[in-house]
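To start, the structure under review is shown below, and the notes come after it.
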Amino acid sequence: MTASTSSIFRRGTLRRAAALLSCMGLLVSLSACSTPWSRDTADDAQTSGTRIAPSMSALFDQYLAKDTLSQFERDVLQRAKKTGKISAEDYETAHDKQAACMAENGWQEQTRKLSNGLYQTTGVTPVPSTDAEVNKYMEASNTCSEGTSKIIESLYQLQQGNPGLLADPYETAVECLKKSSLVDDAYTGRKLENALNGDGTSKSLPFDASSDAAQSCFTGAGLAVNVG
């Protein structure tokens with residue numbers, strides 16, 4: 001079973017901005033925000049094991065069929081189709097294009113590179129402090145992602161953080177946490193969801209949520225987990 005790929009990237013242009021702004025400044029012990037594609041796929045994943053697509057190759061084909069791709073996006077996806085994956089070099093180029101465009105628009109984004117190769121946005125200067133500034137930042141992120149990082153970074157995130165293409169972000173994160181020996185085989189996506197949403201089912205996580213290993217799993221699954 002697969003989830004609708006249109007829902008995965010429905011709000012992909014705002015993935016980075018939404019993840020940052022939704023979690024920025026939260027002064028609680030633990031909070032989690034799902035990125036747009038992970039929220040959509042979680043709604044679609046009515047049964048455990050629902051997949052986003054049959055394969056990464058199928059996703060590459062889907063986007064190569066679009067006539068709205070920029071030449072940069074098309075070149076990257078054609079290379080990915082031949083090799084079976086988006087290269088780290090092409091991901092870096094997409095990230096650099098996005099960052100350069102944001103800087104030209106007056107926004108300096110701070111990032112850190114996780115052990116799985118994904119960039120995590122940790123802050124932005126200046127910090128948006130009014131609704132108008134937030135809207136300006138979101139608009140810049142939207143504009144700068146068009147033809148550069150919108151598709152490439154989203155697909156690379158799936159490739160690196162969700163090789164099983166699971167539609168449920170919490171199941172995806174738990175699969176990664178198990179591989180990193182941060183949780184045992186009995187731990188489930190629902191346990192993680194309950195812990196991160198703080199509904200009282202689980203009072204704490206059995207691992208350091210701020211560690212690189214944990215943050216790599218969260219980011220790869222499309223979850224922005226803020227620990228403060």
Side-chain angles (χ1 to χ4, degrees), residues 1-16 18-19 32-66 69 73-74 76-92 94-95 114-120 145 149-183 185 187-193 196 213-225:
M1 183 183 297
T2 60
S4 168
T5 51
S6 63
S7 68
I8 302 162
F9 298 103
R10 185 183 305 148
R11 299 169 64 191
T13 58
L14 301 181
R15 178 183 60 82
R16 182 207 310 267
C33 313
S34 57
T35 58
W37 70 260
S38 69
R39 284 198 301 272
D40 292 333
T41 54
D43 291 338
D44 288 339
Q46 297 179 2
T47 59
S48 178
T50 299
R51 300 181 68 198
I52 291 166
S55 65
M56 287 300 301
S57 181
L59 286 175
F60 297 153
D61 283 338
Q62 176 180 332
Y63 285 93
L64 281 168
K66 294 181 178 293
L69 292 178
E73 290 171 322
R74 189 167 298 280
V76 171
L77 292 176
Q78 286 175 338
R79 286 192 289 271
K81 181 63 178 176
K82 289 180 180 179
T83 63
K85 64 180 181 179
I86 295 174
S87 70
E89 291 77 13
D90 281 333
Y91 171 66
E92 292 283 349
H95 178 269
L114 300 168
S115 56
N116 59 0
L118 297 176
Y119 280 103
Q120 181 183 60
S145 70
S149 63
K150 173 183 176 180
I151 293 173
I152 304 307
E153 287 198 348
S154 294
L155 288 173
Y156 192 78
Q157 179 181 327
L158 288 173
Q159 174 184 296
Q160 296 299 105
N162 186 7
L165 297 179
L166 294 175
D168 188 313
Y170 298 100
E171 287 186 9
T172 301
V174 167
E175 285 299 307
C176 176
L177 293 169
K178 288 178 180 177
K179 290 178 181 178
S180 298
S181 299
L182 294 179
V183 296
D185 290 340
Y187 204 79
T188 66
R190 298 290 69 77
K191 285 183 178 179
L192 178 64
E193 181 178 14
L196 294 180
Q215 286 294 317
S216 292
C217 289
F218 293 142
T219 300
L223 296 170
V225 177

Expected output: side-chain Gln157 to main-chain Leu118 donor-acceptor under 3.5 Å: no
Note: Lys81-Asp61 ion pair, threshold 4.0 Å (strictly below): yes
Lys/Arg N to Asp/Glu carboxylate O, Asp168 vs Arg190, below 4.0 Å: yes
Where Tyr91 and Gly117 come nearest, the two heavy atoms and their spacing: CE2-O, 3.2 Å
Heavy-atom side-chain proximity of Phe218 to Leu192 below 4.5 angstrom: yes
Donor-acceptor contact below 3.5 Å, side chain Lys85 vs main chain Met56: no
side-chain contact (heavy atoms from CB on, under 4.5 Å) evaluation trace for Tyr187 with Leu182: CA-CA 10 Å; Tyr187 204 79; Leu182 294 179; over 6 Å; no
For the student: nearest non-hydrogen atoms of Lys179 and Pro163, plus distance: NZ-CG, 4.3 Å
Side chain Asn116, main chain Gly161, donor-acceptor under 3.5 Å: no
Reported CD-to-OG distance for the pair Glu73 and Ser149, which is rounded to 0.5 angstrom: 8.5 Å
Leu223 vs Tyr170 side-chain heavy atoms within contact, under 4.5 Å: yes
For the student: nearest non-hydrogen atoms of Ser216 and Ser115, plus distance: OG-OG, 3.1 Å
Point-to-point distance, once rounded to the nearest 0.5 Å, from OG1 of Thr50 to CG of Leu165: 12.5 Å
Shortest non-hydrogen contact between Leu177 and Ala214, atoms and distance: CD2-CA, 4.2 Å
Gap separating the CD1 atom of Ile52 from the CG atom of Leu166, nearest 0.5 angstrom: 7.5 Å
Smallest separation among heavy atoms of Tyr63 and Leu69, with atom names: O-CD1, 3.1 Å
Side-chain donor/acceptor of Tyr156 to backbone N/O of Asp90, under 3.5 Å: no
N/O donor-acceptor pair under 3.5 Å between Lys178 side chain and Asp185 backbone: yes
From OG1 (Thr219) to CD (Gln160), nearest 0.5 Å: 12.5 Å
Under 3.5 Å: donor-acceptor pair, side chain of Arg79, backbone of Ile86: no
Nearest heavy atoms of Ser180 and Cys217, plus distance in Å: OG-SG, 4.2 Å
Pairwise side-chain contact, Leu77 with Ile152, heavy-atom cut-off 4.5 Å (strictly under): yes
